[in-house]
Each structure stands twice: as C-alpha cells, then as structure tokens.
Amino acid sequence: MKKISLLLSLFILVSCSKEMNQELTPDELTIYTSRQPQLLEPILEKFSEETGIKVNLLSGNAQELMERIVIEDDKSRADIFMTVDAGVLWQAAERNIFSETKSEVLEANIPSYLRDPSGKWFGLSKRARTIVYSDDQFSEGDFSTYEDLANPKWKGKLCLRTSKKVYNRSLIASMIDAYGFDKAKKVVAGWVSNLTTEVFSNDTNALKAVSSGQCGVTIVNTYYLARLLDDPKYDNLKLFWANQDDRGVHVNISGAGIVKSSKNKEDAQILLEYLSSERAQDFYASANKEYPVLDSASVDDSIKGWGDFLEDGINVSKLGVLQKEAVFIAQETGYK
Ligand code: FE
C-alpha cells in the first residue's frame, strides 16, 4: 500500500481535455507515458478534435509507470503505455503489460524492424545515435565507425555517457548482434581505455565537453545535438553518420503498445494508427527533432542538413533481448 501511494505521489497528472473523470466514458483514453507531455499534447488535441475521443496523459518515469500498471492489474486506467527505447518496451512486454494488436494500418506505416514481431508494441519515432565531433580538432575524414573509436589513436579523446543509460546498453546490444559477444566486449573495452574523463550523466553534457575541447568526440542521440545547435556557441559540433559502409547507424525508437487490461482497445488502436499516419508523423517526429517511422513523412527543417543515412536494420526487439549481455559487457570492461 505504501508503495502504491509513493508511486501515486510521484506522478503529474495532465489532462489533454477535461478533468479526468472518476468513471471513464467509453470514448476516452488514458496514456501512461514517460514522454514529456508538451511533445504529445498538440497532436493529441488534434486527434480529439477529429475523432471525438478524449485523451488523458499520466506522465512519469517509465519504470514506475510500468510498475504501476502491474500493481493496478485489471483496474488500471491505462489504455496505452508509451515510452522511449526498444529495451524498455521489450521489458514491458516481458512483464506481460501489453495485448497483441493486429492492424493493417500499423503494419503498413511502420517498417517491421521498428515494431514487436508479435504486435505488442510499435515504434512511433526513430532516434538515431551517432558520432559527434568538434571541428576545432578533427574533420569528417577522421571518422568511420563506432568500433573505430576503440582504436588506441583515440586515446584521451573520447567522451561517453554512462552505460547505465538504456541508450548505450541498446547500442552495445546492437554490436553483440552484429559481431558476437567477444568482439563487442573488445570494442567497449577499447572505448573505456580511450576515455578522456569520467562518463557523463547525459548526452548534453558529453556534447558540451566536446565543444569546449575537453574531449574531441562522443556518441549521442541526434536530437540532443539539434537542441544545442540552436545556440551558435556550439557551432563547432559536427555530426558524423557512423558505419555507413557496413551495418548503418544505430537506430532506436520511441513507441507504444495497448495495455492488456484496457477496456477500450478499439479506440486505443485508432489512436496508435493515427500517430503512425502522415499528418501525425510530420508533427510527432519534429516536436523532438527525431525521425519519423513513416517513410513519406518529413523531418524537421532544422535537421534536414544532416541528410539521409543508412540505418542498422536490426529488429529493435533484439536490443531488448540482448540487454542483459550488454550490461554484463559494461560491467566486465569497467564502463561505468
Ligand atoms: Fe533522450
């Protein structure tokens, strides 16, 4: 009981329409999400206008929201669980939170590698994690792959975010899939021995360390770079698309699935289909300067200059499957 009230106190309740009613009407949906409400509210308001389906948002930490859905069981108000990183969505599926959704619209709009093979969750935006360097120190021709950053020539030049962040665990998982455990471990060990300084708690601080000259290169999600580049102070930061001659750039997702106990799965599916449609994709991806999952949708003007890139086509559910091995590699190599 104490746990439930603690969890309750941690959440901010945001309503996109009227106040959340005690008894939900059938044409009302509730999303439990770790995404920032302001990224979702405009598109959800449009959805409500067009369909008459009201949408409530319950925002919080992904792990806590997942826990809450488990505790609430079939009394949960959650119709949809939405979060970032395939590793987290995979974990939610393992905890039996999702129902399986069969939708021709979702299957047509979302490439198969960006959704769960059994239809439990679907990618709604793509997040590319790649190399960023300072052009005060280096130029494009100096870089090739994530693995090359393990080469001793980068000693004292590399800055990384902590491996405790799921983004890096998923990146390591993608290397395990591509090269096997031993080679992936070697690469991570090489990164660790090339580190300039302690690992950073977030991507933005790693980028700032590159810009200031503390180090020369890092690996980050591109939307963090896009945000910093709004300030001309960080103009020396340059993006490099990694692994373009082999498996492609590591791509992760933000995504969502329909909760098993939802009393309104039909409307929940209509909402997921809407979020995968062109008008929603144009908005949804650009709100956080991510990439749309729908091919025909456009990217935000501010990131168009980075151009097209080859993506790693690994099914993102594998990033979840290999998560434990990735954590093990980080521990074994001293990547904190
Ligand atoms: Fe992020």
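Order of listing sets the numbers, starting from 1, for every ligand and every atom in it.
- Around the Fe ion (ligand 1), protein N, O or S atoms at less than 2.8 Å number 3.
- Among residue pairs with one or both ends in residues 29-105, none qualify as disulfide bond (SG atoms under 2.5 Å apart); sequence neighbours excluded.
- In summary, the side chains of Tyr224 and Arg129 do not present any donor paired with an acceptor at a separation below 3.5 Å, with no hydrogens or angles considered.
- Note: Phe143 and Trp241 fail the aromatic proximity criterion, with ring centroids not under 6.0 Å apart.
- For Tyr274 and Phe47, the distance between ring centers is under 6.0 angstrom.
- Residue pairs meeting the disulfide bond (SG atoms under 2.5 Å apart) criterion with at least one member in residues 209-286, sequence neighbours excluded, are Cys159-Cys215.
- Each salt bridge (Lys or Arg N to Asp or Glu O under 4.0 Å) pair with one or both residues in residues 208-227, not counting sequence neighbours, would appear here, but there are none.
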